[in-house]
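Data block below; observations after.
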There are 2 protein chains.
Amino acid sequence: MASATIRDVAREAQVSVASVSRVLNGSDNVRPEMRERVEAASRRLGYTPHAGARSLSLSRAHAIGVMLPDLHGEFFSEFVRGMDREAAKAGLQLLLSNMHADAGQAVEALKTMRGRVDGLIVMAPDIDPALLFSHLPQSLPAILVSSDCEGSAHPQIQVDNMGAAEVIVDHLVASGYRNIVHISGPAGNREAVAREHGYREAVRRHGLSPRVIQGDFSEEAGTAAASEILRNRDGADAVFAANDMMAVGALVVFRDAGVAVGGEMGLAGFDDVPLARLISPSLTTMRVDIAGIGARALTMIAAIVNGDTAPDSEPLRPELIIRQTTKAGK
Amino acid sequence: MASATIRDVAREAQVSVASVSRVLNGSDNVRPEMRERVEAASRRLGYTPHAGARSLSLSRAHAIGVMLPDLHGEFFSEFVRGMDREAAKAGLQLLLSNMHADAGQAVEALKTMRGRVDGLIVMAPDIDPALLFSHLPQSLPAILVSSDCEGSAHPQIQVDNMGAAEVIVDHLVASGYRNIVHISGPAGNREAVAREHGYREAVRRHGLSPRVIQGDFSEEAGTAAASEILRNRDGADAVFAANDMMAVGALVVFRDAGVAVGGEMGLAGFDDVPLARLISPSLTTMRVDIAGIGARALTMIAAIVNGDTAPDSEPLRPELIIRQTTKAGK
DNA sequence: TACGTTCATGTAACCGGTTACATCAAGACG
DNA sequence: CGTCTTGATGTAACCGGTTACATGAACGTA
């Protein structure tokens with residue numbers, strides 16, 4: 001019942017295992033008659049090579065380990081789509097390990113990938129990468145995605161979160177808004193921190209005063225923040241949420257309260273989830289090319305694995321997408 | 001530079017490889033002094049076991065291969081989330097292989113998983129499973145998700161697409177709609193076919209006449225279908241789209257044309273993507289518990305891999321979610 | 001003291017591939 | 001006809017773990 005091995009095929013074809021291997025890997029130096037015998041035997045036995053054994057003897061797994069945080073929706077699927085597209089081109093598979101409760105668990109998960117992948121793509125916005133990699137064989141190539149951390153030994157793909165946040169604030173100011181409240185992301189999240197930093201910087205530059213309501217990237221956080229803003233009636237005339245889901249949560253609250261979003265109240269998010277375009281009024285936001293990041297991450301790690309020089313890429317600049325929630329202006 | 005192997009640890013600790021293996025796998029029959037020596041050596045060398053070699057000698061990869069179609073958004077991420085949750089519990093990893101252009105490529109992808117995974121979870125609504133598995137070692141356990149096909153040798157997780165479609169039509173009829181148009185999914189897709197079948201069955205049962213516009217699950221297909229309906233003005237008073245994205249495309253067209261969706265025009269989708277709740281007017285649809293399906297798929301395959309009897313599960317029944325697009329009725 | 005147990009440890013085979021090197025037959029050439 | 005070259009094929013070591021079995025020390029018993 002166990003599957004046929006290369007030795008079974010060799011026996012069936014009355015040749016040596018070396019010959020079978022040569023035929024199956026398309027080596028030259030095999031006579032046509034030999035090729036035919038082996039292929040026939042292989043077909044008769046329904047032979048499929050054992051990828052695990054192959055990668056052991058070649059010291060090449062043809063797989064990339066991917067560690068992601070607890071991503072949701074489009075964000076997750078677009079990222080994986082981008083990686084998968086390039087992985088298919090490069091003949092690589094993706095070994096997924098998501099959503100780990102804590103750093104210890106994450107380290108454990110990375111360890112179980114040793115000897116099973118040729119490289120790692122790690123996105124861990126709330127885990128210290130130094131800690132993450134200190135327990136790992138340094139010979140395993142890895143790249144960090146969007147971790148916004150300096151001085152790591154590993155190549156990184158950066159998104160210019162801070163600059164993008166400034167762009168958003170500049171746009172809100174240009175549209176006539178002056179009292180811009182920021183709904184921030186989770187405290188330990190480096191992307192969230194960078195966005196808040198950009199917000200503060202831009203507000204300061206315009207001579208305005210910052211105001212931050214702590215959020216956590218969830219729609220509920222946006223709902224809560226908007227309710228708080230309505231309750232206080234403290235002159236806030238625009239909201240910049242650190243991601244779209246919180247912006248959507250806020251939008252629904254404003255809409256239901258009869259606030260003219262895009263008119264008296266400006267609103268902007270971050271990410272450009274598909275929903276941003278479809279909700280009404282449609283949401284001004286920064287578009288991040290998630291699939292592109294995933295693709296770039298994979299081509300980078302593939303290059304490193306192949307021993308090519310890793311093209312250290314410059315930060316990705318998200319694109320400002322102006323929609324109805326800031327269109328009318330004030 | 002190459003990573004330390006178990007033999008390096010054995011040499012460093014001046015013991016045999018068998019002892020190292022015993023210590024690291026927590027076997028009894030090791031004296032405390034031995035344990036300590038090995039652990040110290042292992043730490044000194046930064047040793048991490050080679051999972052590939054381990055799985056070769058144990059004939060157990062502790063990984064599950066997952067093959068998915070070109071899924072988008074929440075659908076994909078929720079499904080993976082469900083699997084991942086259970087996989088973490090069971091100590092399994094997920095080897096992903098998405099989005100294959102054609103059946104041949106899909107078969108190839110499955111083959112490269114041989115010897116690398118202990119089982120397969122396959123969702124391939126537009127590939128004939130018989131074809132898919134005919135080229136595979138029959139010893140590799142596999143389960144099919146939502147393939148709606150009879151007489152397969154592999155256990156399946158079914159979603160009652162046909163029954164759910166009937167539920168939707170019944171609801172539309174109960175809300176007063178009579179000329180219900182169906183926007184179908186892609187032609188070869190078995191889920192889409194089952195939904196259309198349910199639609200036709202229910203419409204026939206109510207003594208109404210069916211009308212189907214061919215779609216392909218994309219938002220654009222919904223846009224096109226709705227435009228066609230408006231152009232024809234042929235008395236259609238409700239639309240049942242085979243998925244939410246098409247329903248959303250249609251909704252936007254109707255809304256922009258000033259048609260009262262939920263009043264004079266009923267509209268229902270299928271899937272309950274997050275957008276369905278957030279769009280305005282919010283969309284009546286059938287909720288499918290995607291994460292639950294993923295989780296169930298993983299527990300099933302894990303059970304089979306462990307040699308437990310596979311609990312052959314009954315079809316999942318989606319839940320009717322009534323929202324504004326059918327609320328007012330006619 | 002001689003002998004049988006028990007138990008920690010070591011040796012070597014095995015998982016299923018790849019491949020360096022050995023082997024050997026056939027053809028080239030003096 | 002003998003030798004050298006060439007090229008197809010076979011043998012066995014190796015990738016890095018696990019583990020059945022061999023080994024031998026320590027101890028109990030007569």
Side-chain angles (χ1 to χ4, degrees), chain A residues 1-38 41-42 45-63 111-118 137 139-140, chain B residues 1-38 41-42 45-63 111-118 137 139-140:
Chain A
M1 185 82 304
S3 293
T5 73
I6 197 173
R7 283 168 235 271
D8 297 329
V9 177
R11 196 176 319 119
E12 174 81 11
Q14 314 247 46
V15 299
S16 76
V17 291
S19 296
V20 177
S21 178
R22 278 189 280 258
V23 169
L24 266 40
N25 293 311
S27 153
D28 38 355
N29 298 350
V30 281
R31 289 227 297 275
E33 187 226 332
M34 164 71 79
R35 159 153 289 123
E36 194 159 332
R37 284 243 309 255
V38 169
S42 166
L45 268 50
Y47 172 68
T48 310
H50 190 289
R54 190 149 201 276
S55 71
L56 178 58
S57 88
L58 291 175
S59 322
R60 218 41 160 56
H62 291 287
K111 278 193 176 172
T112 63
M113 288 191 168
R114 150 88 216 276
R116 196 178 274 259
V117 300
D118 300 323
S139 55
L140 190 59
Chain B
M1 185 85 303
S3 294
T5 74
I6 197 172
R7 283 169 235 270
D8 297 328
V9 177
R11 195 176 319 119
E12 173 82 10
Q14 315 247 46
V15 300
S16 75
V17 292
S19 295
V20 176
S21 179
R22 278 189 280 259
V23 168
L24 267 39
N25 293 310
S27 153
D28 39 355
N29 299 348
V30 280
R31 289 227 298 274
E33 187 225 333
M34 163 72 79
R35 161 154 288 125
E36 196 160 330
R37 284 240 312 251
V38 169
S42 167
L45 268 50
Y47 172 67
T48 311
H50 190 290
R54 191 151 200 276
S55 72
L56 178 58
S57 90
L58 291 175
S59 326
R60 216 42 158 58
H62 291 289
K111 278 192 176 173
T112 63
M113 288 193 169
R114 150 90 217 275
R116 196 179 275 257
V117 300
D118 300 323
S139 55
L140 189 60

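A quick note: this is a predicted structure, and the numbers were derived from the prediction, not measured. Letters A, B, ... are given to chains in the order of the sequence lines, protein chains preceding strands, and every chain is numbered from 1.
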Whole angstrom value for the distance that separates C1' of dG16(D) from CG of L24(B): 13 Å

Interatomic distance where CG belongs to N25(B) and P belongs to dT18(D) [whole Å]: 5 Å

Value in whole Å for how far the C1' atom of dC14(D) lies from CD1 of I6(B): 16 Å

Result of checking R37(B), E36(B), R35(B) against E33(B) for side chain to side chain contact (heavy atoms under 4.5 Å, CB included): R37(B)

Test side chain to side chain contact (heavy atoms under 4.5 Å, CB included) applied to T112(A) - qualifying residues, sequence neighbours left out: Q93(B)

Value in whole Å for how far the C1' atom of dC15(C) lies from CZ of R116(B): 16 Å

Per-nucleotide protein contact string for nucleotides 4-12 of chain D (B base, S sugar-phosphate only, - none; heavy atom under 4.0 Å): ----SBBBB

Rounded interatomic separation in angstrom, taking CZ from R54(B) and P from dG17(C): 21 Å

R116(A) side-chain N/O to A61(B) backbone N/O, donor-acceptor pair under 3.5 Å: yes

Sugar-phosphate, base or nothing in reach of S21(B), heavy atoms under 4.0 Å: base

Stepwise side chain to side chain contact (heavy atoms under 4.5 Å, CB included) check, S21(A) with I6(A): CA-CA 8 Å; S21(A) 178; I6(A) 197 173; 3.9 Å; yes

Approximate separation, where rounding is to 0.5 Å, of R114(B) CZ and L140(B) CG: 8.0 Å

Side chain of L56(A) - closest among dC15(D), dG17(D), dG17(C): dC15(D)

Among V9(A), V30(A), V38(A), the one residue meeting side chain to side chain contact (heavy atoms under 4.5 Å, CB included) with V15(A): V38(A)

Touch class at under 4.0 angstrom, heavy-atom based, for L58(B) against every strand present: sugar-phosphate

